[in-house]
Amino acid sequence: KQEVTQIPAALSVPEGENLVLNCSFTDSAIYNLQWFRQDPGKGLTSLLLIQSSQREQTSGRLNASLDKSSGRSTLYIAASQPGDSATYLCAVLYSGGGADGLTFGKGTHLIIQP
Amino acid sequence: GAGVSQSPSNKVTEKGKDVELRCDPISGHTALYWYRQSLGQGLEFLIYFQGNSAPDKSGLPSDRFSAERTGGSVSTLTIQRTQQEDSAVYLCASSQERVETQYFGPGTRLLVL
């Protein structure tokens, strides 16, 4: 079964720290991997998309990496701010005959303490 | 430009009634997706449209669920004879092509009493 796992489930750090969120997936046959954030009661906001042929993507203080062979992705957040507090979701678009849509992890609930 | 919009934003219905949820994708996006987010269940993929066609409907939870897309634009998700377990947030997303970034709407929060 094609799955996505995120560790840790929850994380609380002081403002200003750099942090890493982890995502693992079970099948290396993917089109892409996408990171989202979700604020309470809201929809999903796309942060970064990494295509299968890419190793990393950067946007501002965010950097996402992809290692297909090991089935892992990390989201690095530099100089965290209270406004970064949200749930971060990793999602994979599998190409190996699985679902036609994204397969999501259960998310990492991040709290940045002022 | 305008993002993905969904209506209604909230829907309360009685068990056994039919409901229709609407999604307006970003203009020009050929791919459209429906997902469901339930408490404790995470995000679950339901169905994908390329243009007006849905290649695979096996992600729909039961035969009470159906979806269509017309004119390569608006999509509706219909739930017949609603059950309490259908209560969830239904999210729609669109992308320019299937392997591009998916942009999500704000969702429809469905409560079945």
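Hydrogens, waters and symmetry mates are skipped; everything else that's a heavy atom, side chains included, is used. To find a chain, count down the sequence lines: A is the first, B the second, and so on, and within it residues start at 1.
Around atom CD of E15(A), more than 12 heavy atoms belonging to other residues, nucleotides or ligands sit under 6.0 Å away. Counting heavy atoms of neighbouring residues, nucleotides and ligands inside a 6.0 Å radius, atom CG of L113(B) exceeds 12 of them.
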Requested in this report: Step by step, work out the side chain to side chain donor-acceptor pair (under 3.5 Å) result for S24(A) and N22(A).
Outcome: CA-CA 7 Å; S24(A) 61; N22(A) 296 291; over 6 Å; no

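Partner F45(B) forms a ring-ring contact (aromatic ring centres under 6.0 Å, His included) with one of Y90(B), Y35(B), W34(B) and no other, that one being Y35(B).
Among the residues in residues 31-65 of chain A, those with a non-hydrogen atom closer than 4.5 angstrom to a non-hydrogen atom of chain B are Y31(A), N32(A), Q34(A), F36(A), Q38(A), G41(A), G43(A), L44(A), S46(A), L49(A), Q51(A).
Note on ring orientation: taking the six-membered ring where Trp is involved, the planes of F104(B) and F104(A) are perpendicular (angle over 60°, cut-offs 30° and 60°).
Between V4(B) and S94(B) the shortest heavy-atom distance is CG2-OG, 3.5 Å. In this structure, S80(A) and V13(A) approach most closely via the heavy-atom pair OG-CG2, 4.2 Å.
Residue contact with chain A, scored on non-hydrogen atoms closer than 4.5 Å, involves the side chain of R109(B) exclusively. The contact between Q37(B) and chain A is made entirely by side chain atoms (from C-beta outward), counting heavy-atom distances below 4.5 Å. In this structure, the portions of L43(B) lying under 4.5 Å from any heavy atom of chain A include both its backbone and its side chain. If you measure heavy-atom distances from L93(A) to chain B, the contacts under 4.5 Å come from the side chain alone. Looking at Q50(B), neither its backbone nor its side chain comes within 4.5 Å of chain A, counting heavy atoms on both sides.
D18(B) and R64(B) are not joined by a salt bridge, as no carboxylate oxygen comes within less than 4.0 angstrom of a charged side-chain nitrogen.
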